[in-house]
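Report on the following structure.
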Number of protein chains: 2
Amino acid sequence: MDGLTIQEAADTTGWSARMLRYVERAGLVSPERTPAGYRIYGAAELQRLRTLKELLAHFDVALSDVAFAARLETDMDLRAAVQTWLRAQAVRPEHVGPDDWLRFEQLKHQRLLEVV
Amino acid sequence: MDGLTIQEAADTTGWSARMLRYVERAGLVSPERTPAGYRIYGAAELQRLRTLKELLAHFDVALSDVAFAARLETDMDLRAAVQTWLRAQAVRPEHVGPDDWLRFEQLKHQRLLEVV
DNA sequence: CGAACCTTATCACGCTCGTGTCAAGGTTCA
DNA sequence: TGAACCTTGACACGAGCGTGATAAGGTTCG
(Lines give C-alpha, C1' and ligand atoms only; values in the text may rest on other atoms or scores of the structure.)
Protein backbone atom coordinates (compact mmCIF):
# COMPACT_ATOMS: atom_id res chain seq x y z
CA MET A 1 0.00 0.00 0.00
CA ASP A 2 1.20 3.54 -0.72
CA GLY A 3 0.36 5.84 2.14
CA LEU A 4 1.33 6.68 5.67
CA THR A 5 -0.43 5.59 8.81
CA ILE A 6 -1.73 8.27 11.10
CA GLN A 7 1.32 8.22 13.33
CA GLU A 8 3.71 8.41 10.40
CA ALA A 9 1.67 11.25 8.95
CA ALA A 10 1.76 12.99 12.30
CA ASP A 11 5.54 12.65 12.43
CA THR A 12 6.09 14.11 8.98
CA THR A 13 3.58 16.94 9.23
CA GLY A 14 4.10 18.19 12.75
CA TRP A 15 0.52 17.55 13.81
CA SER A 16 -0.24 15.06 16.52
CA ALA A 17 -2.20 11.91 15.66
CA ARG A 18 -4.91 13.22 17.93
CA MET A 19 -5.11 16.44 15.96
CA LEU A 20 -5.20 14.63 12.64
CA ARG A 21 -8.38 12.92 13.77
CA TYR A 22 -9.69 16.27 14.95
CA VAL A 23 -8.87 17.96 11.65
CA GLU A 24 -10.69 15.17 9.88
CA ARG A 25 -13.73 15.59 12.08
CA ALA A 26 -13.68 19.27 11.20
CA GLY A 27 -14.04 18.18 7.58
CA LEU A 28 -10.77 19.70 6.43
CA VAL A 29 -8.54 16.71 5.58
CA SER A 30 -10.13 13.27 5.21
CA PRO A 31 -7.74 10.48 4.25
CA GLU A 32 -8.81 7.23 2.63
CA ARG A 33 -9.32 4.19 4.80
CA THR A 34 -8.10 0.63 4.48
CA PRO A 35 -10.78 -2.07 4.55
CA ALA A 36 -10.02 -2.43 8.23
CA GLY A 37 -10.66 1.26 8.80
CA TYR A 38 -7.07 2.45 9.14
CA ARG A 39 -6.46 5.96 7.83
CA ILE A 40 -3.94 6.16 5.00
CA TYR A 41 -2.45 9.54 4.23
CA GLY A 42 -1.26 10.06 0.66
CA ALA A 43 1.01 12.80 -0.66
CA ALA A 44 -1.95 15.09 -1.30
CA GLU A 45 -3.23 14.84 2.25
CA LEU A 46 0.23 15.33 3.69
CA GLN A 47 0.69 18.47 1.68
CA ARG A 48 -2.71 19.80 2.64
CA LEU A 49 -1.88 19.19 6.27
CA ARG A 50 1.38 21.07 5.99
CA THR A 51 -0.11 24.05 4.21
CA LEU A 52 -3.04 24.08 6.59
CA LYS A 53 -0.63 24.28 9.47
CA GLU A 54 1.15 27.19 7.82
CA LEU A 55 -2.15 28.90 7.16
CA LEU A 56 -3.30 28.67 10.75
CA ALA A 57 0.00 29.75 12.20
CA HIS A 58 0.78 32.51 9.73
CA PHE A 59 -2.61 34.21 9.89
CA ASP A 60 -3.61 33.17 13.39
CA VAL A 61 -6.76 31.55 12.10
CA ALA A 62 -8.86 28.84 13.76
CA LEU A 63 -9.83 25.52 12.23
CA SER A 64 -13.45 26.60 12.51
CA ASP A 65 -12.61 29.68 10.47
CA VAL A 66 -11.28 27.59 7.62
CA ALA A 67 -14.27 25.31 7.93
CA PHE A 68 -16.53 28.33 7.68
CA ALA A 69 -14.64 29.54 4.62
CA ALA A 70 -15.28 26.14 3.08
CA ARG A 71 -18.94 26.58 3.83
CA LEU A 72 -18.87 29.99 2.19
CA GLU A 73 -17.29 28.38 -0.83
CA THR A 74 -20.07 25.87 -1.34
CA ASP A 75 -23.18 27.49 0.13
CA MET A 76 -23.82 30.26 -2.37
CA ASP A 77 -26.84 31.54 -0.54
CA LEU A 78 -24.86 31.97 2.65
CA ARG A 79 -22.01 33.54 0.75
CA ALA A 80 -24.28 36.09 -0.89
CA ALA A 81 -26.03 36.92 2.35
CA VAL A 82 -22.78 37.42 4.25
CA GLN A 83 -21.15 39.47 1.52
CA THR A 84 -24.20 41.67 1.18
CA TRP A 85 -24.24 42.29 4.89
CA LEU A 86 -20.56 43.16 4.91
CA ARG A 87 -20.76 45.42 1.89
CA ALA A 88 -23.60 47.38 3.42
CA GLN A 89 -21.35 48.00 6.39
CA ALA A 90 -18.33 48.99 4.35
CA VAL A 91 -20.22 51.94 2.89
CA ARG A 92 -19.81 55.09 4.88
CA PRO A 93 -23.02 55.86 6.78
CA GLU A 94 -23.09 59.46 5.57
CA HIS A 95 -23.55 58.30 2.00
CA VAL A 96 -26.20 55.77 2.78
CA GLY A 97 -29.78 56.70 2.16
CA PRO A 98 -32.33 55.43 4.66
CA ASP A 99 -33.76 52.96 2.16
CA ASP A 100 -30.55 51.72 0.61
CA TRP A 101 -30.78 48.51 2.56
CA LEU A 102 -34.03 47.75 0.84
CA ARG A 103 -31.94 46.62 -2.11
CA PHE A 104 -30.76 43.73 0.01
CA GLU A 105 -32.63 41.08 -1.92
CA GLN A 106 -31.76 42.40 -5.34
CA LEU A 107 -28.13 42.79 -4.38
CA LYS A 108 -28.10 39.35 -2.94
CA HIS A 109 -29.28 37.63 -6.06
CA GLN A 110 -27.33 39.83 -8.36
CA ARG A 111 -24.18 39.08 -6.43
CA LEU A 112 -25.07 35.43 -6.36
CA LEU A 113 -24.61 35.39 -10.10
CA GLU A 114 -21.65 37.69 -10.42
CA VAL A 115 -19.48 36.37 -7.66
CA VAL A 116 -19.16 32.74 -8.64
CA MET B 1 -30.26 64.05 18.89
CA ASP B 2 -31.52 61.53 16.37
CA GLY B 3 -30.76 58.02 17.50
CA LEU B 4 -31.77 55.42 20.00
CA THR B 5 -30.06 54.60 23.24
CA ILE B 6 -28.79 51.10 23.73
CA GLN B 7 -31.87 49.94 25.58
CA GLU B 8 -34.21 51.39 22.98
CA ALA B 9 -32.14 49.79 20.26
CA ALA B 10 -32.28 46.52 22.12
CA ASP B 11 -36.04 46.74 22.36
CA THR B 12 -36.55 47.39 18.68
CA THR B 13 -34.03 44.87 17.36
CA GLY B 14 -34.58 41.92 19.62
CA TRP B 15 -31.03 41.86 20.90
CA SER B 16 -30.32 42.50 24.57
CA ALA B 17 -28.37 45.57 25.57
CA ARG B 18 -25.69 43.22 26.81
CA MET B 19 -25.45 41.60 23.40
CA LEU B 20 -25.32 44.92 21.58
CA ARG B 21 -22.16 45.72 23.51
CA TYR B 22 -20.87 42.27 22.70
CA VAL B 23 -21.62 42.64 18.99
CA GLU B 24 -19.78 45.93 19.08
CA ARG B 25 -16.78 44.35 20.71
CA ALA B 26 -16.80 41.74 17.95
CA GLY B 27 -16.38 44.64 15.53
CA LEU B 28 -19.65 44.03 13.70
CA VAL B 29 -21.86 47.00 14.59
CA SER B 30 -20.28 50.07 16.16
CA PRO B 31 -22.66 52.95 16.84
CA GLU B 32 -21.56 56.52 17.29
CA ARG B 33 -21.11 57.91 20.77
CA THR B 34 -22.34 61.07 22.43
CA PRO B 35 -19.68 63.29 23.98
CA ALA B 36 -20.49 61.59 27.27
CA GLY B 37 -19.86 58.16 25.75
CA TYR B 38 -23.45 57.01 25.32
CA ARG B 39 -24.02 54.77 22.31
CA ILE B 40 -26.51 56.19 19.79
CA TYR B 41 -27.97 53.78 17.28
CA GLY B 42 -29.12 55.30 13.99
CA ALA B 43 -31.37 53.73 11.38
CA ALA B 44 -28.40 52.13 9.61
CA GLU B 45 -27.16 50.42 12.76
CA LEU B 46 -30.62 49.23 13.65
CA GLN B 47 -31.07 47.69 10.25
CA ARG B 48 -27.67 46.05 10.39
CA LEU B 49 -28.54 44.58 13.74
CA ARG B 50 -31.79 43.16 12.43
CA THR B 51 -30.27 41.64 9.32
CA LEU B 52 -27.36 40.31 11.35
CA LYS B 53 -29.79 38.59 13.62
CA GLU B 54 -31.55 37.05 10.62
CA LEU B 55 -28.24 35.98 9.15
CA LEU B 56 -27.11 34.21 12.30
CA ALA B 57 -30.41 32.50 12.87
CA HIS B 58 -31.18 31.56 9.29
CA PHE B 59 -27.78 30.07 8.53
CA ASP B 60 -26.83 28.99 12.02
CA VAL B 61 -23.67 31.04 11.87
CA ALA B 62 -21.62 32.40 14.77
CA LEU B 63 -20.62 35.99 15.34
CA SER B 64 -17.01 34.93 15.02
CA ASP B 65 -17.81 33.48 11.61
CA VAL B 66 -19.13 36.79 10.36
CA ALA B 67 -16.14 38.51 11.92
CA PHE B 68 -13.87 36.14 10.04
CA ALA B 69 -15.73 36.82 6.81
CA ALA B 70 -15.09 40.50 7.42
CA ARG B 71 -11.43 39.72 7.84
CA LEU B 72 -11.46 37.79 4.57
CA GLU B 73 -13.02 40.80 2.93
CA THR B 74 -10.25 43.17 3.94
CA ASP B 75 -7.15 41.01 4.29
CA MET B 76 -6.48 40.08 0.69
CA ASP B 77 -3.47 38.00 1.55
CA LEU B 78 -5.48 35.87 3.95
CA ARG B 79 -8.30 35.61 1.46
CA ALA B 80 -6.00 34.40 -1.28
CA ALA B 81 -4.29 31.90 0.97
CA VAL B 82 -7.55 30.44 2.25
CA GLN B 83 -9.13 30.23 -1.18
CA THR B 84 -6.08 28.58 -2.64
CA TRP B 85 -6.09 26.01 0.11
CA LEU B 86 -9.76 25.30 -0.39
CA ARG B 87 -9.50 25.09 -4.17
CA ALA B 88 -6.68 22.59 -3.94
CA GLN B 89 -8.96 20.45 -1.81
CA ALA B 90 -11.98 20.77 -4.06
CA VAL B 91 -10.10 19.16 -6.92
CA ARG B 92 -10.56 15.41 -7.06
CA PRO B 93 -7.39 13.71 -5.80
CA GLU B 94 -7.26 11.38 -8.79
CA HIS B 95 -6.70 14.31 -11.14
CA VAL B 96 -4.10 15.99 -9.01
CA GLY B 97 -0.50 15.59 -9.97
CA PRO B 98 1.98 15.23 -7.13
CA ASP B 99 3.48 18.67 -7.82
CA ASP B 100 0.31 20.61 -8.49
CA TRP B 101 0.50 22.22 -5.12
CA LEU B 102 3.80 23.80 -6.07
CA ARG B 103 1.76 26.40 -7.94
CA PHE B 104 0.56 27.68 -4.60
CA GLU B 105 2.42 30.95 -4.76
CA GLN B 106 1.59 31.72 -8.35
CA LEU B 107 -2.04 30.87 -7.79
CA LYS B 108 -2.10 32.94 -4.70
CA HIS B 109 -0.91 36.11 -6.34
CA GLN B 110 -2.83 35.53 -9.49
CA ARG B 111 -6.01 35.11 -7.50
CA LEU B 112 -5.12 38.11 -5.42
CA LEU B 113 -5.52 40.20 -8.55
CA GLU B 114 -8.46 38.48 -10.11
CA VAL B 115 -10.68 38.10 -7.11
CA VAL B 116 -11.01 41.69 -5.97
C1' DC C 1 -32.68 67.19 43.15
C1' DG C 2 -33.87 62.49 42.04
C1' DA C 3 -35.45 58.77 39.06
C1' DA C 4 -34.08 56.52 35.21
C1' DC C 5 -31.06 55.96 32.26
C1' DC C 6 -26.02 55.17 30.60
C1' DT C 7 -20.94 53.56 31.17
C1' DT C 8 -17.22 49.90 32.21
C1' DA C 9 -15.82 45.90 34.85
C1' DT C 10 -16.63 41.58 36.98
C1' DC C 11 -18.54 36.98 38.37
C1' DA C 12 -21.03 33.13 36.66
C1' DC C 13 -22.47 29.40 33.74
C1' DG C 14 -22.91 26.13 30.09
C1' DC C 15 -20.93 25.11 25.68
C1' DT C 16 -17.31 24.54 22.10
C1' DC C 17 -12.30 24.48 20.70
C1' DG C 18 -7.81 22.59 20.78
C1' DT C 19 -5.18 19.26 22.93
C1' DG C 20 -3.43 15.39 25.80
C1' DT C 21 -4.08 10.96 27.78
C1' DC C 22 -6.01 6.63 28.79
C1' DA C 23 -9.04 2.45 28.06
C1' DA C 24 -10.95 -1.43 25.48
C1' DG C 25 -10.66 -3.68 21.57
C1' DG C 26 -9.29 -4.90 16.41
C1' DT C 27 -5.13 -5.44 12.73
C1' DT C 28 -0.61 -6.23 10.99
C1' DC C 29 3.40 -8.53 10.50
C1' DA C 30 8.03 -10.52 11.72
C1' DT D 1 1.92 -15.81 18.81
C1' DG D 2 3.01 -11.37 20.46
C1' DA D 3 4.62 -6.66 20.03
C1' DA D 4 3.36 -2.63 17.93
C1' DC D 5 0.42 -0.51 15.67
C1' DC D 6 -4.62 1.13 14.63
C1' DT D 7 -9.71 2.20 15.89
C1' DT D 8 -13.44 4.78 18.68
C1' DG D 9 -14.84 6.67 23.03
C1' DA D 10 -14.19 8.98 27.13
C1' DC D 11 -12.31 12.22 30.92
C1' DA D 12 -9.79 16.41 31.58
C1' DC D 13 -8.56 21.08 31.16
C1' DG D 14 -7.61 25.85 30.05
C1' DA D 15 -9.36 29.31 26.96
C1' DG D 16 -12.90 31.64 24.54
C1' DC D 17 -18.09 32.30 23.17
C1' DG D 18 -22.74 33.80 24.19
C1' DT D 19 -25.40 35.42 27.75
C1' DG D 20 -27.23 37.17 32.17
C1' DA D 21 -26.68 39.62 36.45
C1' DT D 22 -24.72 42.83 39.49
C1' DA D 23 -21.77 46.58 41.20
C1' DA D 24 -19.86 51.28 41.19
C1' DG D 25 -20.12 55.33 39.14
C1' DG D 26 -21.41 59.16 35.45
C1' DT D 27 -25.49 61.59 32.55
C1' DT D 28 -29.98 63.21 31.37
C1' DC D 29 -34.02 65.42 32.09
C1' DG D 30 -38.59 66.52 34.21
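Throughout, a chain's letter reflects where its sequence line sits, starting with A, and its residues are numbered from 1.
- Nearest heavy atoms, B:W85 versus A:L52: NE1-N, 3.4 Å.
- The phosphate of C:dG20 has OP1 or OP2 within less than 4.0 Å of a side-chain N or O from A:S16.
- Atoms CG (A:L4) and P (D:dC6) sit 11 Å apart, rounded to a whole Å.
- B:R21 comes within 4.0 angstrom of a base, heavy atoms only.
- The CG-C1' distance, from A:L20 to C:dG18, rounds to 13 Å in whole Å.
- Atom OH in A:Y41 sits roughly 12 Å away from atom C1' in D:dT7 (whole-Å rounding).
- Summary of the strand contacts: A:S64 and B:A36 both lie near DNA chain C, and taking for each the nucleotide with the nearest heavy atom, the more 5' one is attributed to B:A36.
- Using a 4.0 Å cut-off, some side-chain N or O of B:R39 falls inside it from OP1 or OP2 of C:dT7.
- Considering only heavy atoms from C-beta on, A:V82 stays 4.5 Å or farther from B:F59 through its side chain.
- Between B:Q7 atom CD and D:dA21 atom C1' there is a gap of 14 Å when expressed in whole angstrom units.
- Comparing atom distances between the B:A62 side chain and each of D:dG18, C:dG20, D:dT28 picks out D:dG18 as nearest.
- Scanning atom types as modelled, one donor and one acceptor separated by under 3.5 angstrom connect the side chain of A:R18 and the base of C:dT21.
- Spacing between atom CG of A:D65 and atom P of C:dT16 amounts to 17 Å, rounded to whole angstrom units.
- Counting distance only, with no hydrogens placed and no angle test, the side-chain atoms of B:Y38 and the base atoms of D:dG26 include a donor-acceptor pair under 3.5 Å.
- Residues A:G14 and A:K53 approach most closely at O-NZ, 3.4 Å, considering heavy atoms.
- Distance, B:I40 CD1 to D:dT28 P: 11 Å, rounded to whole Å.
- No chain of hydrophobic side-chain contacts below 4.5 Å, direct or via other Ile, Leu, Val, Met, Phe, Trp or Tyr residues, connects B:V23 to B:Y38.
- Regarding A:E24, its CD atom lies at a distance of 13 Å from the C1' atom of D:dC6, rounded to whole Å.
- The listed nucleotides are D:dC6, D:dT19, C:dC5; the one nearest the side chain of B:M19 is D:dT19.
- For B:W15 and D:dT19, the CH2 to P distance is 7 Å, given to the nearest whole Å.
- Each of B:P35 and A:E8 lies near DNA chain D, and the nucleotide nearest A:E8 is the one positioned closer to the 5' end.
- The residue B:R25 sits apart from the nucleic acid: no heavy atom pair falls under 4.0 Å.
- Residue A:T5 places no side-chain N or O under 4.0 Å from the OP1 or OP2 atom of D:dC5.
- Looking at heavy atoms from C-beta onward, A:L4 lies out of side-chain contact with A:I40 at the 4.5 angstrom threshold.
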